Amino acid sequence: MLFREFSAICEQLEGIRGRLEMIDLISRRLPALSDEELPVFVRFIMGRIFPDWSPEKLGIGPNLLYEGVAYVVGTKKETVIETINRVGEAGFAVEQLLAGKEQTSFFSEELDLVTVYSEFEKIAGTGGKKSQREKLLVVRKLLANADPLEGRYLARIMLEDLRIGVGDGTIREAVARAFGVSPALVEHAVQALNDLGYVARLAKTGEAALKDVHISPFHPVKMMLAQQGSIVSAIGELGIVTAEYKYDGSRFQFHRTGSRSALYSRKLEDVTNALPDVLAILNESTSHDVILDGEVIAIKDNRPLPFQEVLRRFRRKHDISKMQEEVILVPNVFDILYLDGETLIDLPLSERRKRLETAVIRHVAPQLVSDDPAAVTDFYHAALDAGHEGIMIKATESPYTPGMRGKNWLKVKPEVDTIDLAVVGAEWGEGKRAHYFGSFILACQDNGELVTLSKVATGFSDEQLAEAYDLLHDQIVSQSGKEVRFDPELVFEVGYSELQVSSNYPAGFALRFPRFVRIRDDKDITEIETVSSIRERYQRQPNS
């Protein structure tokens, strides 16, 4: 498929608001794609380049893209930025700039889908001191061969923000329809393989291939997620429940086969080198080939330290041994996904727990199985007394569903409600904070798109504002007056007193008294709240 054809499909999708229409359009195009094109098309149409489990990263920020555009159209980077600020979005701005370029300089070679992907692989594989220069050369080459419409979507894919509203659910349904297979089988295969592109290629061969999927070590899967709940309502609905401590730490996935082992973060990044002490503890705790799910906490005097202390270790790239002395980490393992060649995610939690206790001899998280609200409440208070956040309540017979949030896992905490949202913009501060961002614009998900829900300006220390600036200033994609917009990558956890229906924000709701809690750079923006989950939160409020 030519990239021009792909761009035309994206433009069609960008003009469609109905999800069923999107599914129909995509499903009609999938069968004609080759085995090589199909995974690339599926990832690109969702604004991704590499599989979710892959360690490959494009590593192109807005500034490098702007430099490439400026070179190709024969202008300055400042002019590119001014155009983006005026147009309001990088893709349309690049399209406009390329349209003003003399057409004789384009099309030295026609772009196709697989060639574009190969060039992205080349960029991702570029390292060393000259890497930025080499990446820039590839960006220039791609843009020089692109017509204006192709430039719109090349720019957006490079920024991994396609802005056409195609989410995972839409693609799963389109793949199922295109190849006449069960949507449930597609979803299950995605949970195990964590790559919708590859799953689409399996679906093309039929349902048998989708049924024969297995989790593989060193191919991390998304972690199962929880929603808010209460002890009484959970036991009332489920009967016997499994209760575990809720730790104020950072999730990890531990993979081991033979003498090889690795650790992955919640965002599926390889953090093996940053956590050699945790790796050693887990290797000493099992002799089996396993994939384990757990949470690592920082401790001092046998008491948990705040979450930020854990992140100091996860972020560390240098002086690891010194940091091991400053921040002591302890893993707590609460689930097992794979054991000695067998995929376990479809087994009930009670059976997985038995396998876990057989395979791992130390650092298994404490657990209570009960249908007695008083006993579970005592367990909850014991968790709080030990310095933890609260407890998790889990459906005892539930499978492990990677990447899914639902009623099978509930979190019970005493604090004010908090919510995880993507940072999509900010306003510059005033006074002594004039060189930092003073307030931030936050968004939730709605069918693959980010829609604004709130601003937050309180709860920040000077140090936290400085940290937010360091993480965000290179992600600015446009500016209008005092307001800037970011390439969305960072997640904030925000506390609030209640949700209110509001026409001021596209999400349809607003946060009352929002207050910054912490940066969640252990979380990906795919894990932020959705409009539907926010609606459920609102409906659970006593006064809604």
Side-chain angles (χ1 to χ4, degrees), residues 1-16 22 25-26 28-30 32-34 36-50 58-75 77 79-81 83-84 86-124 135-166 171 197 477-478 487:
M1 173 181 278
L2 293 176
F3 195 77
R4 189 180 310 120
E5 186 182 354
F6 171 79
S7 300
I9 294 169
C10 289
E11 187 176 37
Q12 279 183 273
L13 290 166
E14 196 164 355
I16 294 173
M22 285 184 169
L25 174 58
I26 296 168
R28 284 188 281 108
R29 304 310 294 258
L30 295 179
L33 297 169
S34 70
E36 193 175 14
E37 291 171 335
L38 187 53
V40 177
F41 178 94
V42 167
R43 295 182 200 124
F44 278 11
I45 210 76
M46 294 189 294
R48 299 173 193 163
I49 299 170
F50 305 111
L58 195 63
I60 289 181
N63 285 321
L64 194 65
L65 172 64
Y66 302 162
E67 284 184 38
V69 174
Y71 178 85
V72 169
V73 302
T75 189
K77 186 173 79 171
T79 303
V80 175
I81 294 172
T83 305
I84 292 169
R86 176 169 49 80
V87 174
E89 189 270 315
F92 283 127
V94 171
E95 181 179 20
Q96 189 177 105
L97 287 163
L98 289 180
K101 178 72 174 167
E102 290 186 14
Q103 295 301 305
T104 53
S105 66
F106 293 121
F107 314 125
S108 57
E109 63 178 78
E110 220 167 17
L111 296 174
D112 64 58
L113 210 58
V114 174
T115 299
V116 171
Y117 178 71
S118 297
E119 294 294 342
F120 285 155
E121 283 188 308
K122 191 183 298 181
I123 292 173
K135 287 179 179 181
L136 182 58
L137 290 174
V138 180
V139 172
R140 288 176 182 176
K141 176 184 174 183
L142 285 169
L143 290 170
N145 288 297
D147 68 20
L149 184 63
E150 289 175 312
R152 183 203 300 182
Y153 296 106
L154 274 174
R156 290 179 179 177
I157 290 173
M158 287 184 205
L159 295 175
E160 297 192 73
D161 183 19
L162 201 58
R163 305 174 70 91
I164 63 175
V166 176
I171 288 292
V477 295
S478 66
D487 182 20

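Values in this document were obtained by computation on a predicted structure and should not be read as measured data.
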Would you mind reporting whether R43 and I49 have side-chain heavy atoms less than 4.5 Å apart? no
Quiz item: cation-pi between R163 and Y153, 6.0 Å / 45°: no
Determine the minimum heavy-atom distance between I123 and L58, stating which atoms define it. CG2-O, 3.3 Å
Once you round to the nearest 0.5 Å, how far does CG of D487 lie from CG of L65? 10.0 Å
Candidate pair M46 and E160, rule side-chain contact (heavy atoms from CB on, under 4.5 Å), full reasoning: CA-CA 9 Å; M46 294 189 294; E160 297 192 73; over 6 Å; no
For the residue pair R86 and Q96, confirm or rule out a side-chain donor-acceptor distance under 3.5 Å. yes
Do E150 and E5 come within less than 4.5 Å of each other through their side chains, counting heavy atoms only? no
Would you give the length of the straight line joining atom CG of N145 to atom CZ of R140, rounded to the nearest 0.5 angstrom? 14.0 Å
What closest approach, in Å, do I45 and C10 show between heavy atoms, and which atom pair accounts for it? CD1-SG, 3.8 Å
Test item: L25 and Q12 side chains (from C-beta on) under 4.5 Å apart, heavy atoms: yes
Would you compute the distance between atom CZ of R29 and atom CD1 of I9 and round it to the nearest 0.5 angstrom? 3.5 Å
From CD (E11) to CD1 (I164), nearest 0.5 Å: 11.0 Å
E89 and R156 ion-paired at < 4.0 Å: yes
Determine whether R4 and L111 satisfy the following criterion, side-chain contact (heavy atoms from CB on, under 4.5 Å), listing intermediate values before the conclusion. CA-CA 7 Å; R4 189 180 310 120; L111 296 174; over 6 Å; no
Nearest 0.5 angstrom please: L30 CG to I171 CD1, how far? 6.5 Å
Within the 4.5 Å heavy-atom criterion, are V94 and L154 side-chain neighbours or not? no
ring-ring contact (aromatic ring centres under 6.0 Å, His included) between F44 and F41: does it pass, once the steps are laid out? CA-CA 5 Å; F44 278 11; F41 178 94; 8.9 Å; no
I'd like to know whether the aromatic ring centres of F6 and F3 sit less than 6.0 Å apart in this structure. yes
Quick one: does any side-chain atom of E95 pair with a main-chain N or O of G151 as donor and acceptor, under 3.5 Å? no
Tell me, do M158 and V139 make a side-chain contact under 4.5 Å, heavy atoms counted? yes
Before giving the answer on side-chain contact (heavy atoms from CB on, under 4.5 Å), spell out for E36 and Y117 the whole-Å C-alpha distance, their side-chain angles and the decisive distance to 0.1 Å. CA-CA 10 Å; E36 193 175 14; Y117 178 71; over 6 Å; no
Polar side-chain atom of D161 near backbone of I157 as donor-acceptor pair, under 3.5 Å: no
Is the side chain of Y66 donor-acceptor paired with the backbone N or O of T79 at a distance under 3.5 Å, no angle test? no
Between L142 and F120, is any pair of side-chain heavy atoms under 4.5 Å apart? yes
All heavy atoms of L159 vs all of A90, minimum pair found to be CD1-CB, 3.8 Å
Apply the test side-chain contact (heavy atoms from CB on, under 4.5 Å) to residues D147 and L98: give CA-CA distance (whole Å), side-chain angles for both, the deciding distance (0.1 Å), then the verdict. CA-CA 7 Å; D147 68 20; L98 289 180; over 6 Å; no
